[in-house]
A.B. asks: 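Handing you a structure now.
So that the names make sense, note that chain A is the first sequence line, chain B the second, and so on, each numbered from 1. As the structure is a prediction and not an experimental result, all values here were calculated from the model.
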Amino acid sequence: MSTENIPVLETRGITKRFPGVVANEDVNLTLHKGEILALLGENGAGKSTLMNIIYGLYQPTEGEILVNGTPVQMNNPSDAIALGIGMVHQHFQLVPVMTVAENIMLGSESVKNGLLDTRAVAARISELSQRYNLDIDPYAIIEDLPVGARQRVEIVKTLYRNADILILDEPTAVLTPQEIEGLFEVMTLLKNQGKSIIFITHKLKEVLQVADRITVLRQGKTVGEADPETATQNSLAALMVGREVILTVEKKPANPQGVVLAVEDLAARNDLGDPALRGVSFDVRAGEIVGVAGVQGNGQTELVEVVTGLRHADAGEVHINGQRMTNATPRAITQAAASCHVPEDRHAYGMVSPYPVAENLVLNTYNLVPYSHGINVDTRAIRSHATELVKQYDVRTPSIDTPGGSLSGGNQQKMVVAREFSRDLNLLIAAQPTRGIDVGSIEFIHNQIVAKRDNGVAVLLISSELDEIMALSDRIAVMYKGEIIGIVPRAEATREGLGLLMAGVKDERVPV
Amino acid sequence: MQSIRRFIRPLLIPFLAILSALIVGGLIMAFFGDTSGTLMERLWRPVRAYQSLFEGAFGSGRGLSTTIRKMTPLLLTGLSVAVAFKAGLFNIGASGQFVMGSVFSVAVGINFPGLPPFIHLSLALLAGMLGGAIWGAIPGLLKVYTGAHEVIVTIMLNYVAALFAGWTVYAGGTQGQQPGPLWDTTAGPISETPDVLASARIPWIFGPPYRVHYGILIALAVAVFIWWLLYKTTVGFEIRTVGQNMKAARYAGIRVRWTIIFAMILAGGLAGLAGGIETLGLNHKFAPEFGGGVGFDGITVALLGQTHPLGVIFASFLFGAMDAGAAKLQFDTRIAQDIVQVIQALVLAFVAAPTIIYTIFRMKPDPEEVESAPTVNWGAG
Ligand SMILES: Nc1ncnc2c1ncn2[C@@H]1O[C@H](COP(=O)(O)OP(=O)(O)OP(=O)(O)O)[C@@H](O)[C@H]1O
Ligand SMILES: [Mg+2]
């Protein structure tokens, strides 16, 4: 057999059991030289687990892995790296205060005369960066870099260690559309230079755009292959979920009532102390969805944080239901004003990873009846609440006692959404509510948001997905450099018009 | 199966840490110091030593009561460190808090004659808790309002406490230096307080020669209380959440600053209570040599107990037993009893750096384990 036909990577009959779950069952996967393989599947289907096995982080319960046709045993990521396998995790593993070069040499420091040889490393990084068009400055400090650049640093890190097989687990979830385009160019370049890539995403459009081949996992098993030439978003969704998924949101016209959230002339600074909001004003009425669009980093994050009490407002006013809530505590805003907040960064704010699912589901309501009486926590009430929500929101977890952090990424998000959506609400604030969620669950969450609106809840939706904003919003506000540059009724909004606003171009014809 | 696993897993590291420490301690006893004897004889030496240690701790009523006596303050200082850990704080100051607790309780215990015994004792114990609580509150407040790291502040406060305590009982000098306010005027040149009044002493369960007082029951009750507080109340939920994820705690509406201060007050109060109990139950007076060493041992005890109150009970019992058996070990084998402290230090090293254990026993750190080891947290802001 010629080497051309031997897959660079093959898994045979991989099974992985966790306490109470079979994450992978008899998975067979092949990856050829110079191809991009997309791995699709519902939340909890076992994609990340499989990748972690290939990267040596987990040991398979059964099955074997072949690299270039030879069975290999990997006990830890160093073994995988030695075999030319690199992985970019969804949560970057970079030290924020160190430079790119320092981060990349961590763990494989190159030493000259007993000293770290940073210069040689930097030179190598620059060379790789040029060859693959990655645009990385070896001396930049990680925390100064935007998310897209950090991701490229992770990619360089794998290339620096001579990876031929790259695993990218949901690399696009946190990127802006522009950054995603950039990433795809890099991926194509890598592929053309003979690297092989496994790419996980929940965005079917992306799959059709870059993948050479598609493998679908469902409940831990490979359920099919698809060819991006012939597949459609609908056919892929059906293959993943096992039923037809309605990819468009059906909703009645809005029936807006009184103002629930009024924001006036809000000003605030970001973590670095630079102005992030410069006089933001808008309101959200009961029974309408206001979507906030904009390129990430234009103040959306800070806006949500100020409104939810997590960030100090330097000037301006926030009113909820006519009550002044400027710089009120998060508890006053969630409990007294009956609002909820699906935070953009679920790991930082939305959950406590080691806590069981049940405790995560009362993270911000533990102090209320029935979950506690006085200071006495009522475990039984917390557990029955959890049992119900897990069922209602289809959070796939072996039990409500499982640590929240061991759920799959999308199921963690569903857990947070379940907690926030299940209260009696006046105001629903959701930032990137469907980040990392599979198409079937997106459908469910979108329907929930619309149902809340129809029940008279005011909804403030922040999303970097223009599709999501367009699908759900009744009015669309566009943020640019800390200001709301325009507010457009959905009926009058076009992708082009919004795109111009997001780029800071104020078209006179677009009503503001 | 799953629940058994969940139950066993946290016990594994402490168990292996103790085992490793005993083995390394044994090797030290076999190959250092006395180098006479054949290899077999030398290898046999640690076995005999551990046998003596065990007999010293449990082999007689005297031994057992010494174990309990040594365990009591360790249990409370261990809880002190554990509670702070749960809030993400590293309380190195249990030693100073213990000393302040001793001074405060002795100040009440030697004064106020004529108070009914129960009242006097309760007030003296409360005073001890107050002294420790104040000493814990300072690093808490400084951390919250100035960002000063509690490790640095508590270490410094240990010195301040020791020097302050020394001053309060100072006998005065020949060049006209004033004696301290708590000094026993009848003690001549000795720097110590008068004896605590009978009404403020913790009664014996078993009197001399056993000298076991009711302090152990107080400490056990406090351990159960702390367990309840941490795991069954909203206060505990707040403490643990702040310790695990400060941002999520803010998001959840928890008053993070207050929780940090409260956790340090609680930690200080526990160490202060340890000082009070030791003073009112056992020493019946305070002198500088009743220092706060148990405060440092509390760190090891807390870590060995995996910062869980029930684990701390077990760990303090074990350390109490080691302390109790040390004298017999030395007497029987002529190995300096300091070897016990060496072993205890090894235990600390192994529980604080579980990676060593994973390497020795060729285990993989459990990837399914999401909870971070308690030691991971302490550096974080
Ligand atoms: N460390 C772990 N401990 C226990 N169970 C786990 C662990 N990691 C994953 N699981 C379980 O294995 C199953 C598969 O999870 P995995 O993370 O592989 O899903 P996924 O396909 O990546 O999903 P998502 O799209 O949501 O990221 C889930 O049921 C999850 O709860
Ligand atoms: Mg995943």
Side-chain angles (χ1 to χ4, degrees), chain A residues 18-21 23 49 52-53 57-59 75-76 305 308-311 329-336 341 343 345-356 359-360 362-368 371-379 382 398-399 401-407 416 419, chain B residues 1-10 86 88 225 227-259 262 306-307 355 358-359 362-374 376-377 379-381:
Chain A
F18 286 117
V21 226
T49 304
N52 286 330
I53 290 173
L57 274 168
Y58 294 163
Q59 308 306 309
N75 291 319
N76 49 47
E305 287 177 357
T308 54
L310 291 169
R311 184 177 292 274
T329 62
R331 177 159 296 171
I333 291 165
T334 41
Q335 296 183 0
H341 173 202
D345 186 344
R346 63 171 169 261
H347 283 277
Y349 287 102
M351 57 185 280
V352 178
S353 297
Y355 278 5
E359 284 188 11
N360 269 302
V362 292
L363 186 59
N364 48 7
T365 47
Y366 66 92
N367 63 319
L368 300 176
Y371 313 122
S372 61
H373 305 273
I375 66 163
N376 281 290
V377 168
D378 187 338
T379 312
I382 290 174
S399 88
D401 301 312
T402 305
S406 82
L407 301 194
V416 173
R419 178 185 69 222
Chain B
M1 180 55 210
Q2 197 187 335
S3 54
I4 295 176
R5 192 196 157 85
R6 197 169 289 161
F7 187 70
I8 300 253
R9 186 83 202 182
K86 285 290 176 207
F225 169 79
W227 170 81
W228 171 80
L229 188 77
L230 283 176
Y231 295 101
K232 298 289 164 189
T233 71
T234 54
V235 179
F237 187 83
E238 289 167 357
I239 290 177
R240 289 184 292 123
T241 307
V242 167
Q244 287 291 349
N245 182 344
M246 217 176 282
K247 282 184 170 174
R250 285 216 305 134
Y251 167 89
I254 293 167
R255 291 174 300 167
V256 173
R257 294 177 154 209
W258 161 243
T259 305
F262 177 75
Q306 300 284 289
T307 70
T355 318
Y358 291 132
T359 318
R362 298 176 174 279
M363 288 172 20
K364 275 186 76 95
D366 195 351
E368 288 127 58
E369 203 165 19
V370 193
E371 184 153 16
S372 47
V376 174
N377 270 334

A.B. asks: Would a 4.5 Å heavy-atom cut-off, applied to side chains only, mark B:Phe237 and A:Ile375 as touching?
C.D. replies: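 No, every pair of side-chain atoms sits at 4.5 Å or beyond.
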A.B. asks: To the nearest 0.5 Å, what is the distance between CG (A:Leu310) and OH (B:Tyr251)?
C.D. replies: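 A:Leu310 CG to B:Tyr251 OH: 8.5 Å, rounded to 0.5 Å.
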A.B. asks: Could you tell me which non-hydrogen atom of B:Gln244 sits nearest to which non-hydrogen atom of A:Pro354, and how far apart they are?
C.D. replies: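 Between these two residues, the closest heavy atoms are OE1-CG, 3.3 Å.
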A.B. asks: Please look at B:Arg240 and chain A and tell me whether the side chain, the backbone, both or neither of the residue comes under 4.5 angstrom of a heavy atom of that chain.
C.D. replies: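 For B:Arg240, backbone and side chain are both near chain A.
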A.B. asks: Taking side chain as everything from C-beta outward and backbone as N, CA, C, O, which of these in A:Thr379 sits under 4.5 Å from a heavy atom of chain B? Side chain, backbone, both or neither.
C.D. replies: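 Just the side chain, heavy atoms under 4.5 Å.
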A.B. asks: For the candidates B:Glu238, B:Lys232, B:Lys247, which exhibits the highest count of non-hydrogen atom pairs separated by less than 4.5 Å from chain A?
C.D. replies: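 Heavy-atom pair counts peak at B:Lys247.
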A.B. asks: Measure distances from A:His341 to the heavy atoms of chain B and classify the residue's part below 4.5 Å as side chain, backbone, both or neither.
C.D. replies: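 Both parts, backbone and side chain.
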A.B. asks: Closest heavy-atom contact between B:Ala248 and A:Val352?
C.D. replies: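 Minimum heavy-atom separation between B:Ala248 and A:Val352: CB-CG2, 4.0 Å.
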A.B. asks: Using a 3.5 Å distance criterion without hydrogens, assess whether the side chain of B:Asn245 forms a donor-acceptor pair with backbone atoms of A:Ala348.
C.D. replies: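 Yes, because the side chain of B:Asn245 sits within donor-acceptor range (under 3.5 Å) of the backbone of A:Ala348.
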A.B. asks: Looking only at heavy atoms and a cut-off of under 4.5 Å, which of A:Glu305, A:Arg346, A:Arg419, A:Gln335 has the most pairs with chain B?
C.D. replies: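 Ranked by contacts with chain B, first place is A:Arg419.
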A.B. asks: Using a cut-off of 6.0 Å, state whether more than 12 heavy atoms not belonging to B:Arg255 lie near its atom CZ.
C.D. replies: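 Check fails, neighbour count at 12 or below.
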A.B. asks: Find the distance between CD1 (B:Ile254) and OG1 (A:Thr329) and round it off to the nearest 0.5 Å.
C.D. replies: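 Rounded to the nearest 0.5 Å, the CD1-OG1 separation comes out at 12.0 Å.
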A.B. asks: Using non-hydrogen atoms and a 4.5 Å limit, figure out which bit of A:Glu359 sits close to chain B: side chain, backbone, both or neither.
C.D. replies: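 Both backbone and side chain of A:Glu359 come within 4.5 Å of chain B.
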A.B. asks: Tell me, side chain or backbone of A:Ser372 under 4.5 Å from chain B's heavy atoms, or both, or neither?
C.D. replies: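 Side chain only.
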A.B. asks: Relative to chain B, which segment of A:Tyr355 carries a heavy atom at a distance below 4.5 Å: side chain, backbone, both, or neither?
C.D. replies: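 Just the side chain, heavy atoms under 4.5 Å.
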